[in-house]
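Report on the structure given below.
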Protein chains: 2
Amino acid sequence: MTVSLAQIRETSGEVFLEGCPTRVVLDHIMSKWGVLVLLALTDGTLRWGELRREVEGISEKMLASTLRTLEADGLVARTSYPEVPPRVEYALTDLGRDLMDRMLPLVEWVAAHAGSIVER
Amino acid sequence: MTVSLAQIRETSGEVFLEGCPTRVVLDHIMSKWGVLVLLALTDGTLRWGELRREVEGISEKMLASTLRTLEADGLVARTSYPEVPPRVEYALTDLGRDLMDRMLPLVEWVAAHAGSIVER
DNA sequence: CAGCATCCTTTGCGATACTG
DNA sequence: CAGTATCGCAAAGGATGCTG
C-alpha cells in the first residue's frame, strides 16, 4: 500500500461532505471535458483552434467554459497576443503540471484497461 | 517525468476521439459520484446503507445507478446474503483496487490543494 | 434493509448566430 | 481567429412512494 485513504481524511476529512472544496476541484478536473482539455495541454501549449480540434466533439461553449474554470483554478494559463488576427495560447501552469503528474498514471491505467472493461 | 502522454497515445491513441472506450470508462470512474463511491469503498466493504451515509448528499437513485455501472465495469463486487432483513455488501474487486492505487495519489493531491485553489 | 418505478425539476450541453 | 449571446432540448438528478 503506497497511499492510504486515512491520509486523505487527515488532509481533508471532508471529502465525503457536501460543499467540501475537494469535491469542487474534483468536479472541475474530473469532469468529462476537464480531463480531456488538461490532457491535451499536457502535450504542450495549444491555441484555441488547435484545442478545439484536438478534443474531438467539444463544442465552443464547453471549451470556453472549461478553459475559464481551469484558468480560474490556476491550472491553465491563458496568454493573448495583441495581433491581428488575434492569437491566444493556453498552457498548463506549474500547478497544472503538478496535477497532471498525478493524473497521467491514472489515465494510462484506464487507457490500458478500458477495452476489456467496456466489452463486458 | 515519470509518464508521458505519448505512452497513452500508444496504448489508446483514441483518447481524444469520440466514442473511445477510454472516454467511456473515464466518465464512469471520474463522475461526480463515481469517485466518491470508489473512494468510500477503498476503506473496505460497506453495506448499502453505510455507503449512502458515507457519501453525503447522494440520492438513492444515484447510488443505485452508480453502483450498477461500477459493478458492470468489474470494479465493484456486490454480495447479497439471503437473510431477513436483507443484507448486501459492496467491495472493490482486484481491478477496482488496482484502479484506486492510481487514483488515490491524485485525490490526495487535490485534497491537499483544493483549499488554496478554491479561495481564489 | 435494500432497492425499483414514477414524476418532475434542474442542469448540461449542443446548435446557431453574431462580434472585436 | 477567438471568442460571446441566446435558444432549446435531452439528460441528469432529486423527491416520493412502493415492494420483496
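Only heavy atoms go into these numbers, but all of them, side chains included; no hydrogens, no water, no symmetry mates. Lettering of chains follows the sequences in order, A, B, ..., and the numbering in each one begins at 1. Here the structure is a predicted model, which means the values were calculated and not measured.
Paired with B:L92 under the rule side-chain contact (heavy atoms from CB on, under 4.5 Å), one option of B:L38, B:L70, B:T45, B:L75 passes, and it is B:L38. Here the options are B:L39, B:V35, B:I29, the test is side-chain contact (heavy atoms from CB on, under 4.5 Å), and the partner is B:M100; only B:L39 passes.
Backbone-only engagement by A:Y90 is indicated by non-hydrogen atom pairs under 4.0 Å involving sugar-phosphate atoms exclusively. Using a 4.0 Å heavy-atom criterion, one finds that A:E60 contacts the bases of the nucleic acid, with or without backbone contacts as well.
Proximity of B:R78 to the phosphate of C:dG3: a side-chain N or O atom is located under 4.0 Å from OP1 or OP2. The phosphate of D:dA2 has OP1 or OP2 within less than 4.0 Å of a side-chain N or O from A:R47. Between A:R52 and D:dC1 there is no side-chain polar atom (N or O) within less than 4.0 angstrom of OP1 or OP2.
If you find the closest nucleotide of DNA chain D to A:K61 and to A:L67, the one lying nearer the 5' end belongs to A:L67.
The pair A:R52-A:E60 counts as a salt bridge, with a side-chain nitrogen and a carboxylate oxygen less than 4.0 angstrom apart.
In this entry the distance linking CD of B:E71 with P of C:dA2 reads 15 Å, nearest Å.
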task = Decide yes or no on side chain to side chain donor-acceptor pair (under 3.5 Å) for B:Y81 and B:E89, but give the supporting numbers first.
result = CA-CA 8 Å; B:Y81 299 87; B:E89 292 187 343; 3.3 Å; yes
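Of the candidates D:dG13, D:dA2, D:dT4, D:dG13 carries the atom nearest the B:M62 side chain, counting heavy atoms from C-beta on.
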